[in-house]
**Q** 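Okay, handing you the structure first.
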Amino acid sequence: MKKRHIAILGATGSIGTQTLDVVRQHPDLFEVDLLTAGSNADLLITEAREFDPAAVVICNEVKFDQVREALRDTDVKVFTGTQSMCDLVAAETVDIVVAAMVGFSGLRPTVAALKAGKAVALANKETLVAAGDLVMDLSRTHHAPILPVDSEHSAIFQCLLAAGDNPVEKIHLTASGGPFRTWPRERIALASKTDALKHPNWSMGAKITIDSATMMNKGFEVIEACWLFEKAPEDIHVVVHPESVIHSMIEFADGAVLAQLGCPDMRVPIQFALAFPERLPLKGEKLDFAKTGRLTFEEPDRTKFPCLSLAFEAVGRGGNIPCALNAANEVAVKAFLEDRIGFYDIPDIIGKIMAQTPYIAKPSLEDIFETNDAAYAAAERMI
Ligand code: NAD
Ligand code: MG
């Protein structure tokens, strides 16, 4: 494999730091050109000193001077603001852009990367939830491949490579069920953020961890799968699989099912996206089937996890409604993390915002930004 130059957006987060761990294991194959962060200046500085990128972007302007001063004795160029991130991902030397920022903030730079014809290793699922139609269209028009980093979508992608030209009837999207899988609804209603932040199998950023507790994360992944694999929502079956060993499955017309398995380690899908189509060695835990013992499955409980139904409703209605779903969820999760609302206020707020959002069947990118801003503001007023 020829050395690949990568830009990592959201380099200080859970996915960003694990991406750098993959780079650390293969210094001869990957070179970091760009690192960006929201506000975590200290970690961005440490990473820049280790990986010596051409440039870094600290999005929070307040932290700009700190980063510039700390890297003054290096060749690393320091920028701030979303626009500089959009300009830098388009640089000639960049081969792959890892989109690993959290939330709607990922949309603008991902669009910029696709327009520049860059391969995008996509972790930032909110981009596809909010603007899947437009994003997939840009990927096709600019011959810019989107390589899934989300473990379920990477699993489906890996299974599809074995499917050849045979049509896939159904996708089985596995879900851990989150920390509240076995809790009764009355107890979940009183759950605190500390309870919700205890994910049983994965260590992730705070927002996606809450999304996993409400199962909105799985709802988002249904929408993400619809766009990535050109499937209707009714062809996607969510199944709870608490061990998180099967990362997802595809089913053919004859009933045969292909699955991708492995230890829950995000570096596997990250590395697969970065090195595609090659497979590289990776240091880490490997599956021990006898130790795993048993794999179990159950239906998700939609009365306990109404966010899952809200996501199906949003993708069913289409247009700008998934964008409103995403914006309302972003505001509600933030408020829950600040102890301002209860757990079931999250789906309540989202449902109300979806119902009051003026429907646009074929939104432009501008419509998407307007829908996001309006839904965001309305959700904040409601809280
Ligand atoms: P995180 O909160 O740990 O990290 C987010 C990163 O984005 C940080 O570097 C942060 O500085 C940056 N950031 C935050 N707000 C920003 C803004 N407004 N502008 C620019 N940068 C900003 O999140 P994470 O867990 O790494 O998740 C990142 C994305 O990957 C999310 O979309 C999540 O759904 C998806 N994802 C994560 C995992 C996982 O295991 N963590 C798995 C699958 C998908
Ligand atoms: Mg996932």
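Every number for a ligand or one of its atoms is a count from 1 in the order of the listing.
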**Q** Within 45 degrees of the axis of the six-membered ring of Tyr344 and under 6.0 Å from its centre: does Arg185 put its NZ or CZ there?
**A**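 Ring-cation test returns yes.
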**Q** What about Gly205: any of its N or O atoms under 3.5 Å from an N or O on ligand 1?
**A**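 Looking only at distances, the answer is yes, because the N/O contact criterion of under 3.5 Å is met.
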**Q** Mind telling me whether Trp183 and Phe180 have parallel, tilted or perpendicular rings, with 30° and 60° as the class edges?
**A**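 Geometry flag for Trp183 against Phe180: tilted rings.
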**Q** Does Arg68, at its CZ atom, have more than 12 non-hydrogen atoms belonging to other residues, nucleotides or ligands within less than 6.0 Å?
**A** yes
**Q** Using the benzene-type ring in the case of Trp, are the ring centres of Phe157 and Phe276 under 6.0 Å apart?
**A** yes
**Q** Would Ile15 count as a polar contact of ligand 1, with the cut-off being nitrogen or oxygen pairs under 3.5 Å?
**A** yes
**Q** Among the heavy atoms of Asn40, does any lie under 4.0 Å from an atom of ligand 1?
**A**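 Asn40 does not count as a contact of ligand 1 under the 4.0 Å cut-off.
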**Q** Looking at ligand 1, is there an atom of it that comes within less than 4.0 Å of some heavy atom belonging to Glu126?
**A**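 Per 4.0 Å heavy-atom rule, Glu126 contacts ligand 1.
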**Q** Output yes when the distance from some N or O of ligand 1 to some N or O of Met266 is under 3.5 Å, and no in every other case.
**A** no
**Q** List-wise, which protein N, O or S atoms are found short of 2.8 Å from the Mg ion (ligand 2)?
**A**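 Under 2.8 Å from the Mg ion (ligand 2) - ignoring waters, which are not counted - the protein N, O or S atoms are Asp150 OD1, Glu152 OE1, Glu221 OE2.
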**Q** Are Tyr376 and Phe104 close enough that their ring centers fall under 6.0 Å?
**A** no
**Q** Is Thr214 reaching over with its side chain to a backbone N or O of Cys307, donor-acceptor style, under 3.5 angstrom?
**A** no
**Q** Tell me, yes or no, whether the heavy-atom count around Lys334 atom NZ, taken from other residues, nucleotides or ligands under 6.0 Å, exceeds 12.
**A** no
**Q** Where on Ala11 is there a heavy atom closer than 4.0 Å to ligand 1, on the side chain, on the backbone, on both, or on neither?
**A** backbone
**Q** Answer with side chain, backbone, both or neither: which part of Ala123 has a heavy atom less than 4.0 angstrom from an atom of ligand 1?
**A**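 Answer for Ala123: both.
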**Q** What do you reckon, does Cys59 have a nitrogen or oxygen under 3.5 Å from a nitrogen or oxygen of ligand 1?
**A** no
**Q** Have Asn329 and Asp211 got a donor and an acceptor in their side chains that come within less than 3.5 Å?
**A** yes
**Q** Are there more than 12 heavy atoms of other residues, nucleotides or ligands under 6.0 Å from atom CG of Asp75?
**A** no
